[in-house]
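Report on one structure; see the data block that follows.
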Amino acid sequence: MRNLLPILTVLLAIVAIWYVAAIGMNSTWARDQAARAETRLSAGDLVIQTLTLERPVLPAPHQVAAGLWEGIAGQKITSKRSLVWHGWITLSATLTGFAIGSLAGILLAVGIVHDRAMDQSVMPWAVASQTVPILAIAPMVIVVFASAGITGLLPKAVIAAWLSFFPVLVGMVKGLRTPDRMQLDLMRSWSASRPQMFWRLRLPSSLPYLFASLKVGIAAALVGTIVGELPAGASAGLGARLLSGSYYGQTVQIWAALFAAAALAAGLVIAVGRIEAVTLRRMGLAR
Amino acid sequence: QELTLQLKWVTQAQFGGYYVAKDKGFYEEEGLDVTIKAGGPDIAPTQVLAGGGADVIVEWMPAALAAREKGLPLVNIAQPFKSSGMMLTCLKESGITDPKTDFAGKTLGVWFAGNEYPFLSWMHTLGLSTEGGTDGVTVLKQGFNVDPLLQKQAACISTMTYNEYWQVIDAGIAPEDLVTFKYEDQGVATLEDGLYVLESTLEDEAKVADLEKFVRASMKGWKYAEENPEEAAEIVLENDETGAQTIEHQTRMMTEIAKLTAGSNGALDEADYQRTVDILLAGGSDPVISKEPEGAWSHAITDKALAE
Amino acid sequence: MTGALSILAVWLGAWGLNIWLARFGTRATRFLVALIFGLTIVVLWEMIVRIYAIPPVILPPPTQIAASFAANTAILWGDFVQTIVKGALTGWLLGGAAAILTAIAIDRSPFLQRGLLPIGNFVAALPIVGIAPILVMWFGFDWQSKAAVVVVMVFFPILVNMVAGLAATDRMQRDLMATWAAPYGQSLWKLRLPAAMPFLFNGLKITTTLALIGAIVAEFFGSPTKGMGFRISTAVGRLDLPLVWAEILVAAIAGSLFYGIVALIEKKVTFWHPSQRGQRG
Amino acid sequence: MIEANAVSLTFQTADGPVHALKDVDLSIGAGEFVSFIGPSGCGKTTFLRTIAALESPTGGALTVNGMSPDEARRARAYGYVFQAPGLYPWRTIAGNISLPLEIMGFGKADRAERVRRVLELVDLEGFGGKFPWQLSGGMQQRASIARALAFDADILLMDEPFGALDEIVRDRLNEALLELWRKTGKTIGFVTHSIPEAVYLSTRIVVMSPRPGRITRIIDSPLPAERPLDIRDTPEFIALAHEVREGLREGHGDDI
Amino acid sequence: MIEANAVSLTFQTADGPVHALKDVDLSIGAGEFVSFIGPSGCGKTTFLRTIAALESPTGGALTVNGMSPDEARRARAYGYVFQAPGLYPWRTIAGNISLPLEIMGFGKADRAERVRRVLELVDLEGFGGKFPWQLSGGMQQRASIARALAFDADILLMDEPFGALDEIVRDRLNEALLELWRKTGKTIGFVTHSIPEAVYLSTRIVVMSPRPGRITRIIDSPLPAERPLDIRDTPEFIALAHEVREGLREGHGDDI
Ligand SMILES: Nc1ncnc2c1ncn2[C@@H]1O[C@H](COP(=O)(O)OP(=O)(O)OP(=O)(O)O)[C@@H](O)[C@H]1O
Ligand SMILES: Nc1ncnc2c1ncn2[C@@H]1O[C@H](COP(=O)(O)OP(=O)(O)OP(=O)(O)O)[C@@H](O)[C@H]1O
Ligand SMILES: Cc1ncc(C[n+]2csc(CCO)c2C)c(N)n1
Ligand SMILES: [Mg+2]
Ligand SMILES: [Mg+2]
């Protein structure tokens, strides 16, 4: 709550800068148009024109807000013009990919902390795997899946999974290794078995780390889904919306889709945060 | 019978005939269940076909022949598009009036991902290098839209008569402020939007029979679309998942497309084919294809499909 | 059947070897284990492609990729310079510098921090690739727009880390400065900046891969006729998949190197940090 | 019964071998309370860990209750208490205490009964439902002792269990520990840095010295089993403390 | 000269106000060695921090050398030593010691000379080029004392400086500190948990008690200025320690 005022202030400043920038960036176009029509623009007209262009270089905040409102509330949510509908398509692929990715990350992490060979083999390549520009080869991934007869949600989800597995893996490995020597020794002095050590010590101590990386992972999954949606331009989803907006030069549509995606990202991160808070409180880890 | 068609680009009136055929039940009448897969900016239909993700693709002939030379045995089975819709659209203020003399030193926007071949052939016939410099042209990989022209980042950009050109107009630039060079007029037109399958598909008799039905129904769709552009545009709109298309734009596109499909009954015209091959072969040091292709087309399907 | 068996045999053999090697845990065997793992994947890839006759336009075998790599070094180098050196590196340096300066600027204002950081976290979670088309529209086709995308992508992660770093000094260390009546500049330069370095490098390391991703993806929205993103999409159109994979290989190598170099500098700069000391001994 | 014969332990480190223990001979009888004292790095912890089979000696022979330490560990002969309480924050105090019991497969009713009993023993009735961080440091440490007591191991090994507590709390816990030892008759090995603590608690004080870690003096305590806190102001106590300090100083080099 | 008149300090926390200090009256003369002892949370640290102007009292008056604590701080009247050495790990020992000197604008040659001198004072010649983490805990703590001495403040405030060290090292440092105090004649405020340490070092012992933090007893030491370590076995010493313990116990509630 005490952050509200600063946040609002900063937001206000951003909006103000945005308006000034919109006027600046759109003015060339407005002047050119006037020159083509061989009219002269007064300063007032210029401002009004730059903030109401059909295809602005930078749309003004109120234009984006109108675009968002139109996309969210102005349509039936089943309409193809509804941002809610596209958001849902993106969300479902994101969640599927996130589920696959985090599961893979967790399982790999479990393997890595329990098996030395796996630790030494997989870990260096896991880092390398993230330097593969999966985003640039997303179209190929889509095509390769299509060739196996798999289309729609899954190929996007796989790209999302690829991006989200890494933070989860790293966080989970770190988490599973947090129990210090003393805690492990205690377990050993009670001659606990490996599974007992895992379920009663490693897993619970890793949870705070897991949740921290899940938050990063779900944001990454959303990026992956959107990128997966870009090349398959005709399909639905916020990425497709971004692309078709770009294709038809509808900047307002791009920005509206972008803000919808941002809201989705924030919502997902907050949702994971909520689950984290509840889980940790149940476990007595939150104070 | 199930059949998958991979389009070259996003859902739009450019593919109106197929959507009409599906929507009007022409495929169904033939006993076909056709799945139409929309394409996208970086989806190469040839790759989809090679990977088995589709039975038939819509592709431009230069890309198809180039793929054929790469060892992917594509065969043209039908050619609903008679003429090319490609052109370069330039801002008048760039001072370009004649391609032969004025392109040198300019920046031109070009589509890649298999669509660059006609352009490269043209530049070759003009004797212009595409590596930049004062006696060559600087090439931009043009993205998805016409912004490079509007932002004056390029003197000319690639446009289709039926699509991007109108986006430039819609953006508020008057036709008088533009200069256009159609590939058809420059004598470098290559065949666009043909239907291609793998050679092996043609050896399968059941498939061939399906393809006959498919081509017949598709052509019926095309002809229907030519006559009813508004209805066709609406059908396209219904099939567009992004919800970004507008009826005005699609209707206009359908009207323009009709001009390109007008001269074709679906069968490939050998003379057109030969002209395309000649243009592509003329590539000099880095030709699109290096030798006369063989078996790159077949009338087997259209002969039967269009028999009655 | 025999194909599947031989694939399984290679895999089990390599894995067994690794399990045995991993027991030694020396530096050399660690390296060897990682190497064997990588090689095994490559060999299995080659075997699967050959045995199951996977069309090269879907997945080319590693040997073809290597051949293409060797044949196209000039193109690959040019693309590397265009995308990674000019686009990613410039953007990363600019974005990093801007983030560090901003962090220092807002360090003294808790008000600004409280306002900016939640928004920063929000923007950092944003699918920044979405603004690539916009920035390409603003900054043109060449590497400048790629660098701009990278700047935007790396700015907030570095900012958030740097701000956390500047706040990371413990109370005792700050109190010491207070008992010596140190002015702000001194305690910034002699305490907060050095103490912030491990955090800063954390941010710098995370953003190395982001920088590559940003530069490559931005090329998707328009580029000159060179660059890794450009080459990948054109080569796919030309069904030259070995070249595509050669570019991917370049990206992976460059990414690992980039990360490695930053990690190395980190080691030099934060030699005193327990995490680095541990690695030394 | 713990029997150490010329036990040695050398760690191989990057900087060469570290002789943490060298030729340690010691025999601890059932029911004894033995304290280990010595400067940092002299191997106190290592010796305790070796008894508990958390390290293996590189030389010499060590038996616990006639078995090898590892057998003894698997027979659950030890309760081990560390300097820090080391309670799991996601379990309540009762949950923490019952954890080793779960691992050892005690039945549910039995577990509840034992938890109740040891909570009472360490004076923590009514705190079973609290989480560790809701308790003070002294209470946490008592809970950690309760946990080590719950499964009734014969031998209790404690590695500086009260090192982090303040003097007054420490006094109280010392009293309580002594009481507990008298009541249960367990064998206790206890590491400490504090001379008064060692003297106050032990029946025998083992003074160690570093580089290599070895025993320099073993001091038997003549103090009675019954020891009020005031005993620390008696001359016997002071003399004993003096002797321990002497022992420490002679083993200690000139480096600090 | 430190003069506290009815000093109070209340922290406003989420759980309500905490009375860390209540009506503390104390006057410390120049050259005195005053120890503060008391259970955890009784406000020892808070009082020391208030003197050093790291906290501001919410009630009462406090003057240091006739100035307000904050003026005294800006006049660089304090050297402060914390429980942990708090050396900056990215600077060598010499670099750490010269840090306050750099901040206070001492010249380069002067800095080098002072660093040399205080390193000698704390017996760390030859270690100036090492990094803190290459030294043992005791050496680090001595370096941190050297740092507080380097700029020759009149007043030395030490908050459990030896709390983390083992007994023998602690003994040595106690001796060295006493020696230093006699040589330099500084005024020292010293927080400790250890009764023998307080008694051994101080000219006056201030016993505090918590909730609210206040002074319960002030004990003047009759011990001579010259104090060998053995003095701790003398009856005077033991009597004094006993008195301190009594004072502690009476202020201590029944909670542990
Ligand atoms: N796992 C290990 N690897 C290498 N050396 C070790 C290991 N454990 C202990 N040592 C070394 O063995 C010696 C004895 O260590 P130990 O922990 O037993 O000392 P200690 O008497 O318990 O000291 P302290 O009072 O500081 O706890 C030390 O020099 C220590 O550095
Ligand atoms: N910054 C703060 N905010 C709120 N409460 C505080 C703060 N600092 C100290 N306190 C509280 O003030 C009281 C006195 O704390 P202080 O640290 O002075 O005790 P102490 O005597 O030094 O204890 P210890 O022996 O544990 O160091 C405690 O109850 C503590 O929780
Ligand atoms: C990035 C990109 N831009 C354009 C095309 C080419 N393209 C294929 S079909 C068609 C008609 C458009 O209305 C066009 C322009 C492409 N493949 N990729
Ligand atoms: Mg120890
Ligand atoms: Mg304190």
For T4(B), check side-chain hydrogen bond (donor to acceptor under 3.5 Å, both in side chains) against everything at least two apart and list the hits. none

Should the ring pair F119(B) and W122(B) be called parallel, tilted or perpendicular, given that the plane angle runs from 0 to 90° and is split at 30 and 60? perpendicular

Do you know which of D240(C), L241(C), L59(C), L239(C) has the most heavy-atom pairs with chain B at a distance under 4.5 angstrom? L239(C)

Side chain, backbone, both or neither of E69(B) within contact of chain C (heavy atoms, under 4.5 Å): neither

Looking only at the aromatic ring of each residue, does the gap between the centers of W245(C) and W45(C) stay below 6.0 angstrom? yes

What part of L72(B) is in contact with chain C, defined as an atom under 4.5 angstrom from a non-hydrogen atom: side chain, backbone, both or neither? side chain

Q47(B): what forms a side-chain hydrogen bond (donor to acceptor under 3.5 Å, both in side chains) with it, not counting sequence neighbours? none

Is I54(C) close to chain B through its backbone or its side chain, or both, or neither, when contacts mean heavy atoms under 4.5 Å? neither

Run S6(C) and I51(C) through side chain to side chain contact (heavy atoms under 4.5 Å, CB included) and show every step you take. CA-CA 10 Å; S6(C) 58; I51(C) 291 170; 3.9 Å; yes

Would you mind checking which part of A63(B) comes under 4.5 Å of any heavy atom in chain C, side chain (CB onward), backbone (N, CA, C, O), both or neither? neither

Using heavy-atom distances under 4.5 Å, tell me whether P148(B) contacts chain C through its side chain, its backbone, both, or neither. both

Test side chain to side chain contact (heavy atoms under 4.5 Å, CB included) on E192(B) and Y183(B) and set out the steps. CA-CA 12 Å; E192(B) 292 162 7; Y183(B) 281 49; over 6 Å; no

Let me know if A66(B) has heavy atoms under 4.5 Å from chain C in its side chain, its backbone, both or neither. neither

